[in-house]
There are 2 protein chains.
Amino acid sequence: MAKIDDEIGVVGALVRSAFLVNAVYAESAREYGITPQQGQLLCVLMAKPYGMGELGTTLGLAKSSLTGLVDRSERNGLVRREPDPQDMRAVRVALTADGSSLAEAFYVETCRRVAELPGSLSAEESGVLASLLGRIVLDNEVPMVFLEPPESR
Amino acid sequence: MAKIDDEIGVVGALVRSAFLVNAVYAESAREYGITPQQGQLLCVLMAKPYGMGELGTTLGLAKSSLTGLVDRSERNGLVRREPDPQDMRAVRVALTADGSSLAEAFYVETCRRVAELPGSLSAEESGVLASLLGRIVLDNEVPMVFLEPPESR
DNA sequence: GTGCAGTAGTTCGCACCACGAACTGACCTG
DNA sequence: CAGGTCAGTTCGTGGTGCGAACTACTGCAC
């Protein structure tokens, strides 16, 4: 009781903060001339090249959806399909030089913007938030769709 | 220092938890035979009818995007366009009876699923998380894209 | 009251996204 | 070497999101 009217439940807070982060992500992508999905693809590939199947499970997409996404990104020169030397069926998707620098720029800018969101939180509160959200992310086995910014560790 | 390797920064935690919530939201929508965007529209309209312009700013969509979304939802019988008695140009979008019950069911189920995500957090930790995220949501003026579950207050 | 600027929504054309079903070709096991 | 499986692609369908151009109504200026 005695909650002021600004009080919010965990569920609402999670859903609405997700909405907020999406909007920031989308706007950032837009300014770099890519779609949010392409941005996501680039961010995943920053870590290492992936096979199509792997990418599908990481991004939560069907195989056929991925073919198109990679096609378009390849057409834009951001990504390259390399043959897998071990398996003639398989393909390894990797960033091109252009893709790599765009990914880096997009990633850094997106980090910057997301980092501004908790502006009013103290460093300590940010730490608490990170650790609680981090547990949710780990417990639910959220794939590595976003690298850890090195300076934040 | 002395951080174990599972440690995560705020930025990564926010982005990845958003990814997680999206996935849950999308899967829930899927099971109710609607797209996430339509689900979002229904959730917003649960609170009250909206004009198209209002809806655009709330959902962060361009006018023209909204026309289509409302068209499709109307075609599915979930939503209705009512004339605004005050202004002959304007329109009020409201849930139909079908839309209202679908919205309610979708909303409840989505809440249930999102509520499971922080499963390993104690009640107290959940409270802390809610209040920190709540401040982010308030500070950044995230629109009411999701009602507050009554029982969580 | 007439005229005109601004507002609410729609239309159109475009590119993208996501899916399932059906398919191709390489792998592998018996 | 035959049949099953696995990686990816193709195809068709429907939904999404945008900007530019458009229609129709509102409201203010005069």
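- Comparing B:Asn76 and B:Leu61 by the nucleotide of DNA chain D whose heavy atom lies nearest to each, the residue mapping closer to the 5' end is B:Asn76.
- Comparing C:dC19, D:dT9, C:dA8 by their closest approach to the side chain of A:Met52 singles out D:dT9.
- Using cut-offs of 30° and 60° for the angle between ring planes, the B:Tyr107 and B:Phe146 rings count as tilted.
- Side-chain atoms of B:Arg89 stay outside donor-acceptor range of the base of D:dT26, with no qualifying N/O pair under 3.5 Å.
- Annotation: of the two residues near DNA chain C, B:Gly51 and A:Gln86, the 5′-most nearest-nucleotide partner is B:Gly51.
- Dashed line: the shortest gap from a side-chain N or O of A:Thr35 to OP1 or OP2 of D:dG17 is not under 4.0 Å.
- Comparing D:dT10, C:dC17, C:dA26 against the side chain of A:Ser64 picks out D:dT10 as the nearest.
- Residues B:Tyr50 and B:Met88 are members of separate hydrophobic clusters, defined by side-chain heavy-atom contacts under 4.5 angstrom among Ile, Leu, Val, Met, Phe, Trp and Tyr.
- Counting heavy atoms from C-beta outward, A:Val79 and A:Leu95 have side chains that approach closer than 4.5 Å.
- A close approach under 4.0 Å does occur between a side-chain nitrogen or oxygen of B:Arg30 and OP1 or OP2 of C:dG20.
- Of the candidate nucleotides D:dG19, D:dC25, C:dT11, D:dC25 has the atom nearest to the side chain of B:Met88.
- Among the atoms of the strands shown, only primed sugar atoms or phosphate atoms (P, OP1, OP2) are found under 4.0 Å from some heavy atom of B:Leu69.
- Residue contacts shown for B:Gly53 are limited to sugar-phosphate atoms, with no base heavy atom under 4.0 Å away.
- Not one N or O on the side chain of A:Asn76 forms a donor-acceptor pair closer than 3.5 Å with the backbone of A:Leu78.
- One atom, NZ of B:Lys63, and another, C1' of D:dG19, lie 10 Å apart when rounded to the nearest Å.
- The side chain of B:Asp71 approaches C:dT11 more closely than any other nucleotide in the set C:dT11, C:dC19, D:dG17.
- Side-chain nitrogen and oxygen atoms of A:Gln37 include at least one within less than 4.0 Å of the OP1 or OP2 phosphate oxygen of C:dA18.
- With C:dC19, D:dT9, C:dC17 as the choices, the nucleotide that has an atom nearest any side-chain atom of A:Thr67 turns out to be D:dT9.
- Phosphate contact (OP1/OP2 of C:dC19, side-chain N/O of A:Ser65, threshold under 4.0 Å): present.
- Of the candidates C:dC19, C:dC17, D:dT16, the closest approach to any side-chain atom of B:Arg72 belongs to D:dT16.
- Residue contacts shown for B:Arg92 are absent, as no nucleic acid heavy atom lies under 4.0 Å away.
- No contact: B:Asp84 has no heavy atom under 4.0 Å from any strand.
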